[in-house]
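Take a look at the structure below.
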Amino acid sequence: MQYLSLFSSALRELPRFSALAAAVLRQAEDLQALVRSLPEAFSLPSAAGAQLDVLGASLGLPRPEGAGDEAYRAWLQARLRLFRWDGTNETVPALLSDIAPGADLNDHGDGSVTVTLAAPLPGPPESCLPVPAGIHLMTEGDPS
């Protein structure tokens, strides 16, 4: 208890005062430890199980039926990247490489795009890929 040393020696020598101060300070230190642990408790990379479900639900993205923690976490991260996407064509390549490394997007210029996938996506293509509303999405490769 580092804080006990801040009291004057006259107060520290009173046993009942020291015991009371130690008990109160112990509670304050426990509360500080709890507050310091909160960011990690609500961190998407480290959340698991029910904790991950709470994070997903708070984002309005409940866990899909049968999805394990890793698949759900990857899908949430993909969706969060899409939430932050500015919707411009210039930012699609970087976003696409984050979500689906090795994927290639071909804009046909007629309201449709084809995404060629090099690896499985963390979720359904329409919920993971940067395609604006009203654009028809076609996938090639391994969308599973």
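All figures in this text were calculated on a predicted structure; none of them were measured in a lab.
- You'll find the side chain of Pro93 stays beyond 4.5 Å of the side chain of Leu105, heavy atoms only.
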Show, in sequence, the C-alpha distance, side-chain angles and deciding distance for Leu44 and Gln77, and conclude whether the side-chain contact (heavy atoms from CB on, under 4.5 Å) test is met. CA-CA 8 Å; Leu44 186 56; Gln77 288 172 329; 3.4 Å; yes
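- Taking 4.5 Å as the limit, every side-chain heavy atom of Trp85 sits out of range of all side-chain heavy atoms of Ile99.
- Atoms CZ and CG, on Arg81 and Asp98 in that order, are 5.0 Å from each other to the nearest 0.5 Å.
- Residues meeting the salt bridge (charged side-chain N to carboxylate O under 4.0 Å, His left out) test with Glu70, sequence neighbours left out: Arg73.
- Side-chain heavy atoms closer than 4.5 Å link hydrophobic residues (I, L, V, M, F, W, Y) into clusters, and following such links, even through other members, never connects Leu20 to Leu11.
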What side-chain donor-acceptor pairs closer than 3.5 Å can you find for residues 108-119, not counting sequence neighbours?
residue	atom	partner	partner atom	Å
His108	NE2	Thr114	OG1	2.6
Asp110	OD1	Ser112	N	3.2
Asp110	OD1	Ser112	OG	2.5
Thr116	OG1	Glu140	OE1	3.3

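- Residues Arg63 and Asp69 are paired through a salt bridge, judged by an N-O separation under 4.0 Å between the basic side chain and the carboxylate.
- Taken together through direct or relayed side-chain contacts under 4.5 Å among Ile, Leu, Val, Met, Phe, Trp and Tyr, Val54 and Leu80 form parts of separate hydrophobic clusters.
- Ile135 and Met138 fall into different hydrophobic clusters, where Ile, Leu, Val, Met, Phe, Trp and Tyr are joined by side-chain heavy atoms under 4.5 Å apart, directly or via other members.
- Within the model, atoms CD of Gln27 and CD of Gln32 stand 12.5 Å from one another, a figure rounded to the nearest 0.5 Å.
- Remark: the backbone N or O of Ser5 is paired with a side-chain donor or acceptor of Arg12 at under 3.5 angstrom.
- In this structure, Asp104 CG and Ser97 OG are separated by 11.5 Å, a value rounded to the nearest 0.5 Å.
- Side-chain heavy atoms closer than 4.5 Å link hydrophobic residues (I, L, V, M, F, W, Y) into clusters, and following such links, possibly through other members, connects Phe17 to Leu6.
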Let's go through Trp75 and Leu121 carefully: what are the C-alpha distance in whole Å and the side-chain angles of both, what is the deciding distance for side-chain contact (heavy atoms from CB on, under 4.5 Å) to 0.1 Å, and is it a yes or a no? CA-CA 8 Å; Trp75 182 68; Leu121 292 171; over 6 Å; no
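- Within the 4.5 Å cutoff, the side chain of Ser18 has no heavy atoms near those of the Phe7 side chain.
- For the pair Pro62 and Asp53, the minimum side-chain heavy-atom distance is 4.5 Å or more.
- Residues Ser127 and Arg79 are in side-chain contact: their nearest non-hydrogen atoms beyond the backbone lie under 4.5 Å apart.
- Under the 4.5 Å side-chain heavy-atom criterion for ILVMFWY residues, a single connected hydrophobic cluster contains both Phe83 and Leu76.
- Separating the CG atom in Leu129 from the CG atom in Leu95 is a distance of 9.0 Å, to the nearest 0.5 Å.
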